[in-house]
Structures are given as structure tokens and as C-alpha cells.
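Shown next, in C-alpha cells, is the structure this report addresses.
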Amino acid sequence: MSTALALLVSVGFLIALTVNLAKGAAAIGIAGPEFAFWMALGAGVVLLALAAGRGERPALTREHLVYYALAGLLAVAAPNYIGFEVAARAGAAYASVPYALSPLITYALAVSVRIDAPSGRRIAGLVLGCVGTALVVANMIARADGTSPAWLLAALLVPLSVAFGNVHRTLYWPKGSAPLALAAAMLLAGALWLSPFVAANGTQLLALGPASGAGAIIAAQVGVSALMYVLYFQLQRVAGPVYLSQIGYVAAGFGVAIAVAVFAETVTLAMLAGLALIAGGVFLVTPRRSPA
């Protein structure tokens, strides 16, 4: 297994684990935005300490600060806020599935800004993936079971935000910057974006009390996220945005599997058929030769 493929599978699994931990957090009363905030802040502090131990620190030039702010919004705050809310309201499987669309959107964006080349094979993959997505979304809405369809449609903003983040980080990666320092700064910027939502909830987390297990699940999420973003930035550095975006399919597959095994969520044949079409689209979009 190549380094890039090992990183791809690892990051996809950790994203799926994150979505399922968010559902567990919601079950004990932790609001999605609050969980996302503490995840970003805790993991950011951990990575900042690790970077400092290696003699690295995030630069504070105007270029770097703009980079951190946009990366934190697109890759941390927006997708986690939406994804965690969907996991709490509709289930972890439903929150995981939209990630499968991010490779297709990333490729379309990469072609539009000329960091990748168009091809008939990959365009066919985009079409196939869109058909699969339409099937999955229609099935999600039909089985909403009291969940507002608006939240299920909002789940589609997750892969859109992730895809824009993938392309943004490649286009504007600050020269000479270490991945660990960039990941730390991006997470801390994401925490800043989420802080108004936490302030609005007041002391809700403290009110849960020690018996709720809130501290344990947040600590677990911080550890998972710290590792995930270290590997995430390393994968982006060695493989580029289009290959990196394949984590969406891996995350969707693992996410559904964990949701079914741990939370006994149900997945319909229509959803599986849609995922199969998306997988076919991803196969066509993926370069024939993977990075080493």
C-alpha cells in the first residue's frame, strides 16, 4: 500500500469516527456547535504544542492570517457545524453520506481553476456521481421521520465546503510552511468561527455534570481530530486536492458502517444503490495512477 493510499484510508476512517462521536455527544446533551468548538480548540492546542516542540510555529503575516481564516471556515467550522447538527437530528449515516460527493465537486473546482485537466472519463464520473447523489438525497428526504428536510439538504453544503477548502489550501498554501503548524492554526481559526455559537449556549456543557461523560467524549474527539488533521495536511502535501478529496468516499463508507454497527441505524437499498453510483463516479474521476 502506498503512503498516499494509507493516509487516505486513515483520514477517511477518522472523519467517519468523528461524525459518529458527534452523534454520541448529542445523545448526552452536547450541542453540535459546542462539540465542534471544543474539538477544534482542543486539537488546535495539541497540534500547536507539537509544532512548538519541533521548532515550528504558525507565521502571523497578513497572507498567513487570511489563509488560516478561510481554511478554518471551509475545512473546520462550516462542515463540522452542519455535519454534527445533521448527525444529531437525522443520524450519523445521513451525516456521513454527503462526504462521498466531495471528490466530484473538488475535481470540478480544480478544473475550473486550472490545477487539473478536464477529461471525458472524469466528466462521465461527475455525471454518474450526481445521479447517485440525487438518489441518496431523495431517499434521505423520504425517510426524514420528523427531521426537517432543510437539514438533510443542508448536509449537501458539507461536501461543497470541503471541496472549496481542498482547492483553496492547494492554491494558497503559504510557501515554506510546515503542515503541522498550518493544521494547528486552521483548527484554532475554526474554533474562533464557532465561538459565537458556544457563547449563545452559555454554560450548557458545564450543566451536563461529570456523570454525563461529556469530558470523556470531548477528550476522545480532540485526540481523534488532532491525529486526523496531522494526516490530512500530510496527504494534501504529497497528493494534491483531487486525490485528497477521495477521503469523502472512504469517510462515507466507514461512517455508514459504524452507524449501523454502533447505533443500529438502518440503510435502505436505495441509499446503497446511490452510494454505488457515487463510488463509480469517484472511480472514474480518480487518476489512474495514485501518488506514491
Practice task
Would you please test I217 and I28 for side chain to side chain contact (heavy atoms under 4.5 Å, CB included) and show each step?
Solution key: CA-CA 10 Å; I217 198 167; I28 62 172; 4.1 Å; yes

Exercise for the section: Working to the nearest 0.5 Å, report the span between CG of L157 and CD1 of I82. Expected result: 4.5 Å

Exercise for the section: Flag yes if L70 and V158 sit in one hydrophobic cluster, no otherwise; membership is Ile, Leu, Val, Met, Phe, Trp, Tyr, and two members link when side-chain heavy atoms are under 4.5 Å apart. Expected result: no

Handout entry: Cluster overlap F164 with M186, hydrophobic side-chain contacts below 4.5 Å
Key = yes

Exercise for the section: Can you measure from OG (S161) to CG (N166) and round to the nearest 0.5 angstrom? Expected result: 9.5 Å

Handout entry: Residue among V11, L235, V46, L180 satisfying side-chain contact (heavy atoms from CB on, under 4.5 Å) with V230
Key = L180

Exercise for the section: Would you mind reporting whether H64 and S177 have side-chain heavy atoms less than 4.5 Å apart? Expected result: yes

Exercise for the section: With the side chain counted from C-beta on, respond yes when F37 and F197 share a heavy-atom pair under 4.5 Å apart, and no when they do not. Expected result: no

Exercise for the section: Evaluate the side-chain proximity of E63 to Y172: yes if any heavy-atom separation is below 4.5 Å, no if none is. Expected result: no

Completion exercise
Closest heavy-atom pair, F35 versus A22, reported as atoms and distance to 0.1 Å, is CE2-CA, 3.5 Å

Exercise for the section: Kindly determine whether M39 and F84 satisfy side chain to side chain contact (heavy atoms under 4.5 Å, CB included), including the steps that lead there. Expected result: CA-CA 11 Å; M39 175 208 79; F84 291 174; 4.0 Å; yes

Fill in the blank from the handout: Minimal heavy-atom distance between P58 and A185, with the atoms involved, is CB-CB, 3.9 Å

Handout entry: Contacts of R54 that satisfy salt bridge (Lys or Arg N to Asp or Glu O under 4.0 Å) - sequence neighbours left out
Key = E56

Fill in the blank from the handout: When rounded to the nearest 0.5 Å, the distance separating CG of L21 from CD1 of I218 is 11.0 Å

Handout entry: Gap separating the CG atom of L231 from the CG atom of L8, nearest 0.5 angstrom
Key = 11.0 Å

Practice task
Check A183 against Y229 and note the closest heavy-atom contact, atom names and distance.
Solution key: CB-O, 3.9 Å

Fill in the blank from the handout: Taking every heavy atom of G190 against every heavy atom of A40, the minimum-distance pair comes out as C-CB, 4.4 Å

Handout entry: Same apolar cluster: W193 and L48, side chain cutoff 4.5 Å
Key = no

Exercise for the section: Check whether any side-chain heavy atom of L188 sits under 4.5 Å from a side-chain heavy atom of V45, and report yes or no. Expected result: yes

Handout entry: Over all atoms of both residues, closest heavy-atom pair of M228 and I15
Key = SD-CG1, 3.3 Å

Practice task
Flag yes if L194 and L41 sit in one hydrophobic cluster, no otherwise; membership is Ile, Leu, Val, Met, Phe, Trp, Tyr, and two members link when side-chain heavy atoms are under 4.5 Å apart.
Solution key: yes

Problem - Spacing of CG belonging to L156 relative to CD1 belonging to I105, to within rounding of 0.5 Å - result: 8.0 Å

Problem - Beyond-backbone contact of Y68 with L182, side-chain heavy atoms, under 4.5 angstrom - result: yes

Exercise for the section: Check whether any side-chain heavy atom of Q221 sits under 4.5 Å from a side-chain heavy atom of T18, and report yes or no. Expected result: yes

Exercise for the section: Assess the side chains of R169 and Y232: does a donor N or O sit below 3.5 Å from an acceptor N or O? Expected result: yes

Practice task
Would you kindly confirm whether L73 and L192 end up in one hydrophobic cluster when ILVMFWY residues are joined by side chain heavy atoms under 4.5 Å apart?
Solution key: no

Problem - Worked verdict on L50 versus L47 for side chain to side chain contact (heavy atoms under 4.5 Å, CB included) - result: CA-CA 5 Å; L50 292 176; L47 296 190; 4.1 Å; yes

Practice task
Start with the C-alpha gap between I30 and W38, add the side-chain angles, then the distance that decides, and say whether side chain to side chain contact (heavy atoms under 4.5 Å, CB included) holds.
Solution key: CA-CA 11 Å; I30 306 176; W38 288 110; over 6 Å; no

